[in-house]
Amino acid sequence: MELRVAVLGTYDMDERSWMWGWANPGLRGTEVVALTGAIERYGRSHGIAELTEEALDLSGFADPRHAAEMLAFAGMGVAEAPGYFSQQAGPGTQVYFLPDDPQVPHPALDAIALPRTLVTGAGLIGRSARHAVTGYFDHHGVPRREEGDRITAELPGGSAAEIDFDAEGRIGAVRLTAAP
């Protein structure tokens, strides 16, 4: 299968740095990075320096490679791409790509996989589980309400999901209720 992709960014393993695709001097202004321009625009409109700096020094992170993956993950979400993947492009360079092709479907919310998706996503992001959960539901256009340590979401088809958070703000339980 041939697939059109966009260059999301590159991670230089030796320098432990990340460069956004839209900032790459050899690609700037070309169609192959057009999709990633949305990341820079979003960063500017929301004041997020990590999305507007052309290159980022990741050497201060305990695991710079994980930091690069987090940037790729964030870029994927901001660009509303259905995923991302990477390929080694040289001895010390990893290139990250976004599918930019109508052949690649956007994944729908899957109620069966929801508990695993939320717990994995919250663990990957590593900051606020509540923020990860609300962001996931917002991304899928799912109505939700928050009451104390619980978020209740109205899933497609009439089912509901209740997500409880423990005293440390972690996901403590995910309960699904099937529509009658």
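This one's a predicted model, so the numbers in the text were calculated from it and none came from an experiment.
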Around Glu146, counting heavy atoms of other residues, nucleotides and ligands shown, do more than 12 lie under 6.0 Å from its CD? yes
Within the structure provided, determine whether Val32 and Thr30 are in side-chain contact (heavy-atom separation under 4.5 Å). yes
Just wondering, do Asp164 and Asp149 contact through their side chains at under 4.5 Å, heavy atoms? no
Just checking, is any N or O donor in the side chain of Glu40 or Thr52 under 3.5 Å from an acceptor N or O on the other one? no
Aromatic ring pairing Tyr84/Phe73, orientation class (parallel under 30°, perpendicular over 60°, tilted between): perpendicular
His131 atom NE2, neighbour heavy-atom count above 12 within 6.0 Å: no
Taking the side chain as C-beta and beyond, is there a heavy-atom pair between Arg65 and Met13 under 4.5 Å? yes
Side-chain touch Pro115/Leu176, heavy atoms, less than 4.5 angstrom: yes
Tightest non-hydrogen contact, residues Gly21 and Leu27, listed as O-CB, 4.4 Å
Could you check whether atom CZ of Phe61 has more than 12 heavy atoms from other residues, nucleotides or ligands sitting under 6.0 Å from it? no
Check whether any side-chain heavy atom of Trp20 sits under 4.5 Å from a side-chain heavy atom of Val33, and report yes or no. no
Is there side-chain contact between Asp12 and Ser17, with at least one heavy-atom pair below 4.5 Å? yes
Pair Leu8, Val95 - check side-chain contact (heavy atoms from CB on, under 4.5 Å), show working. CA-CA 8 Å; Leu8 173 61; Val95 180; over 6 Å; no
With a 3.5 Å distance limit and no angle check, can you tell me whether Asp101 reaches the backbone of Val104 through a side-chain donor-acceptor pair? no
Is it the case that more than 12 heavy atoms not belonging to Ile112 sit under 6.0 Å from its CD1 atom? no
Looking at side-chain heavy atoms only, is the closest gap between Pro64 and Trp18 below 4.5 Å? no
Does one side chain, of Gln87 or Tyr96, offer a donor that lies under 3.5 Å from an acceptor on the other? no
Taking the six-membered ring of Phe137 as reference, does the NZ or CZ atom of Arg144 fall below 6.0 Å from its centre and within a 45° cone about the axis? no
